[in-house]
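So the structure is just underneath, and the comments pick up after that.
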Amino acid sequence: MKRKTPAALARYRITSGKGFRLADHAPDDAGSLGLTKADAPDLLARGIERLSELQDMLYAQNRWSVLCLFQAMDAAGKDGTIKHVFSGVNPQGCHVTSFKAPTTTELEQDYLRRHIQALPSRGQIGIHNRSWYEEVLVVRVHPSILARQQLPPACVTKNIWQERLEDIAATERYLTRQGTVVLKFFLNVSREEQKNRFLSRLDEPEKHWKFRAADVSERRHWDDYMAAYEEAIRATATPEAPWFIVPADRKWLTRLVVVGAIIEALEKLDLHYPHVDEADRAAFAEARAALS
């Protein structure tokens with residue numbers, strides 16, 4: 001798996017927005033490794049185990065941090081992906097934040113503030129279920145939300161979305177310069193598969209809690225959302241903060257791509273446990289003698 005993963009991930013990784021088209025990325029793409037759903041449990045288990053090893057060194061070394069941003073249309077599988085991929089990590093070194101609609105207090109602040117307050121500390125993996133990209137997605141599709149943000153009229157220009165994308169890109173560039181690895185995942189579900197998952201939520205009582213009537217009304221804006229996602233990815237995909245366009249119609253493949261991308265990024269950091277010097281060894285010897 002380790003040898004094949006980088007080549008497989010290349011088809012999903014976007015490091016430059018030039019010429020990017022969302023239509024070129026199939027939500028039901030099965031990858032190029034000839035894998036089947038039957039292969040997935042073992043591969044995912046191995047990936048989770050490797051991620052756990054790397055995260056333990058990340059936490060012990062206490063130098064780097066990792067920020068994973070998850071964006072998707074409803075029912076694309078963000079919650080399930082986060083649940084499965086990070087099932088083996090140490091909770092002390094991992095923090096998940098799920099961003100809902102901003103509160104009244106948050107609407108009175110700049111839109112980046114609540115996201116910045118949830119950034120991971122050194123040694124941690126931060127997971128943002130939805131992110132600052134909502135401000136150029138849902139807010140763009142529903143301008144009435146922008147009107148509630150109490151911005152001075154002079155700040156609401158015809159270029160506001162481009163300006164916000166520039167600010168987001170600058171924020172991500174700043175974070176990478178401070179030792180935060182930024183990984184952005186767009187779980188690319190098809191409109192047909194989303195419909196099937198909504199119907200499943202309606203048909204199965206144990207999934208009723210997942211269904212919201214607003215989810216169906218948002219489907220009417222599908223094309224607007226796809227256009228907004230495409231522009232956001234074009235404007236913010238960089239080698240330092242890449243996007244991964246993850247096929248989401250097959251949940252098993254979604255999870256393999258995400259865990260593979262995180263492992264690949266961590267393996268580039270030269271992670272290791274802190275070295276022990278002579279003074280430490282002497283202190284250890286004294287402690288051992290005292291315990292004998």
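None of these values were measured; they are calculated from a predicted model.
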Taking I127 as the starting point, is it possible to reach L51 by hopping between hydrophobic residues whose side chains are less than 4.5 Å apart?
yes
Rounded to the nearest 0.5 Å, what separates atom CZ in R63 from atom CD in Q61?
7.0 Å
Assess whether a salt bridge exists between R177 and E240, defined as any Lys/Arg side-chain N lying under 4.0 Å from an Asp/Glu carboxylate O.
no
Got a list of side-chain donor-acceptor pairs under 3.5 Å for residues 250-261, not counting sequence neighbours?
| residue | atom | partner | partner atom | Å |
| --- | --- | --- | --- | --- |
| R250 | NH1 | D28 | O | 2.1 |
| T254 | OG1 | P247 | O | 2.7 |
| T254 | OG1 | R250 | O | 3.1 |

Test log, rule side chain to side chain contact (heavy atoms under 4.5 Å, CB included), inputs L58 and V66:
CA-CA 9 Å; L58 177 80; V66 179; 4.2 Å; yes
Are the side chains of V139 and W161 in contact, using a 4.5 Å heavy-atom criterion?
yes
How far apart are the C-alpha atoms of I233 and I245, what are their side-chain angles, what is the distance that settles it, and do they pass the side chain to side chain contact (heavy atoms under 4.5 Å, CB included) test?
CA-CA 9 Å; I233 293 166; I245 312 303; 3.6 Å; yes
Determine whether more than 12 heavy atoms belonging to other residues, nucleotides or ligands lie under 6.0 Å from atom OH of Y273.
yes
Search all heavy atoms of E230 against all heavy atoms of L22 and return the closest pair with its distance.
OE1-N, 2.8 Å
From the options I262, I263, L266, select the one residue that forms a side-chain contact (heavy atoms from CB on, under 4.5 Å) with R50.
I263
Using atom types as modelled and distance alone, determine if a side-chain donor or acceptor of D249 lies under 3.5 Å from a backbone N or O of S190.
yes
Within the distance-only criterion (no hydrogens, no angle test), does the side chain of D110 pair as donor or acceptor with the backbone N or O of R113 below 3.5 angstrom?
yes
Evaluate the side-chain proximity of H208 to R201: yes if any heavy-atom separation is below 4.5 Å, no if none is.
no
So how far is it from E134 CD to L137 CG, rounded to the nearest 0.5 Å?
6.0 Å
Smallest separation among heavy atoms of H95 and T97, with atom names
CE1-OG1, 3.1 Å
For the backbone of H128 and the side chain of S131, can you confirm whether one donor and one acceptor N or O come within less than 3.5 Å of each other?
no
So, Y229 versus F186, ring centres under 6.0 angstrom or not?
yes
Evaluate side chain to side chain contact (heavy atoms under 4.5 Å, CB included) for T176 paired with V181, printing each intermediate quantity in order.
CA-CA 6 Å; T176 62; V181 176; over 6 Å; no
Can you check whether V96 reaches F86 side chain to side chain, under 4.5 Å on heavy atoms?
no
Assess whether atom CZ of R191 is packed by more than 12 heavy atoms of other residues, nucleotides or ligands within 6.0 Å.
yes
Can you classify the ring geometry of F185 versus F244 as parallel (below 30°), tilted (30 to 60°) or perpendicular (above 60°)?
parallel
Can you tell me if R234 uses its side chain to pair, donor with acceptor, with the backbone of G17 under 3.5 Å?
no
Quick one: does any side-chain atom of H25 pair with a main-chain N or O of V246 as donor and acceptor, under 3.5 Å?
no
Do E172 and T236 have side-chain atoms, one donor and one acceptor, less than 3.5 Å apart?
no
Is the NZ or CZ atom of R130 positioned over F70's six-membered ring, under 6.0 angstrom from the centre and within 45° of the axis?
no
To the nearest 0.5 Å, atom OG of S52 lies from atom CG of N90 at 8.0 Å
Distance-only side-chain donor-acceptor flag, D203 / S200, under 3.5 Å
no
Donor + acceptor pair across side chains of R114, Q109 (<3.5 Å):
no
For N129 and D79, does a side-chain donor sit closer than 3.5 Å to a side-chain acceptor?
yes
Distance from D74 atom CG to R219 atom CZ, nearest 0.5 Å?
10.5 Å
Give me the atom names and distance for the closest heavy-atom approach of A118 to F99.
CB-CZ, 3.9 Å
May I ask you to say whether E49 pairs ionically with R46, meaning some side-chain N is under 4.0 Å from a carboxylate O?
no
For H84 and G80 the tightest heavy-atom approach is ND1-O, 2.8 Å
Would you say L69 and I116 are hydrophobically clustered, going by side-chain heavy atoms of ILVMFWY under 4.5 Å?
yes
Is any side-chain heavy atom of P91 closer than 4.5 Å to a side-chain heavy atom of C94?
no
Is any side-chain N of the basic residue among D167 and R164 closer than 4.0 Å to the acidic one's carboxylate O?
no
Close side-chain approach of M73 and Q194, heavy atoms under 4.5 Å
yes
I need the minimum non-hydrogen distance between Q55 and I125, along with the two atoms involved.
CG-CD1, 3.7 Å
Any Lys/Arg nitrogen of R11 or D29 sitting under 4.0 Å from an Asp/Glu carboxylate oxygen of the other?
yes
Distance-only donor-acceptor check, side chains Q149 and E108, under 3.5 Å
no
Should Y111 and P102 count as side-chain neighbours, where that means a heavy-atom distance under 4.5 Å?
no
Does I14 share a hydrophobic cluster with W132, counting links as ILVMFWY side-chain heavy atoms below 4.5 Å and allowing steps through other members?
yes
Is the closest basic N to carboxylate O distance between R140 and E231 below 4.0 Å?
yes
Determine whether L119 and Y133 fall in the same hydrophobic cluster, where Ile, Leu, Val, Met, Phe, Trp and Tyr are linked whenever their side-chain heavy atoms lie under 4.5 Å apart.
yes
More than 12 non-hydrogen atoms from neighbouring residues, nucleotides or ligands closer than 6.0 Å to NE2 on H221, yes or no?
yes
Report yes or no: do T180 and W64 form a side-chain donor-acceptor pair below 3.5 Å?
no
Closer than 4.0 angstrom, basic N to acidic O: yes or no for E264 and R13?
yes
Verdict with supporting geometry, D39 and T36, side chain to side chain contact (heavy atoms under 4.5 Å, CB included):
CA-CA 5 Å; D39 301 315; T36 67; 3.2 Å; yes
Between Q92 and Q124, do the side chains contain a donor N or O and an acceptor N or O under 3.5 Å apart?
no
Would you name the heavy atoms of S65 and S121 that are closest together and state the gap between them?
CB-O, 3.2 Å
Do E267 and L54 come close enough that some side-chain heavy atom pair is under 4.5 Å?
yes
Say whether, by atom type as modelled, one donor and one acceptor occur between the side chain of K78 and the main chain of L187 under 3.5 angstrom.
no
Under a 3.5 Å distance rule, please check whether R197 uses its side chain to pair with a backbone N or O of A76 as donor and acceptor.
yes
Interatomic distance, L107 atom CG to I145 atom CD1 [nearest 0.5 angstrom]
9.0 Å
Short question: side chain of E166, backbone of E163 - any donor-acceptor pair under 3.5 Å?
no
Is any side-chain heavy atom of I48 closer than 4.5 Å to one of V89?
no
H142-E218 side chain donor-acceptor pair, cut-off 3.5 Å
yes
Would you kindly confirm whether F198 and W222 end up in one hydrophobic cluster when ILVMFWY residues are joined by side chain heavy atoms under 4.5 Å apart?
no
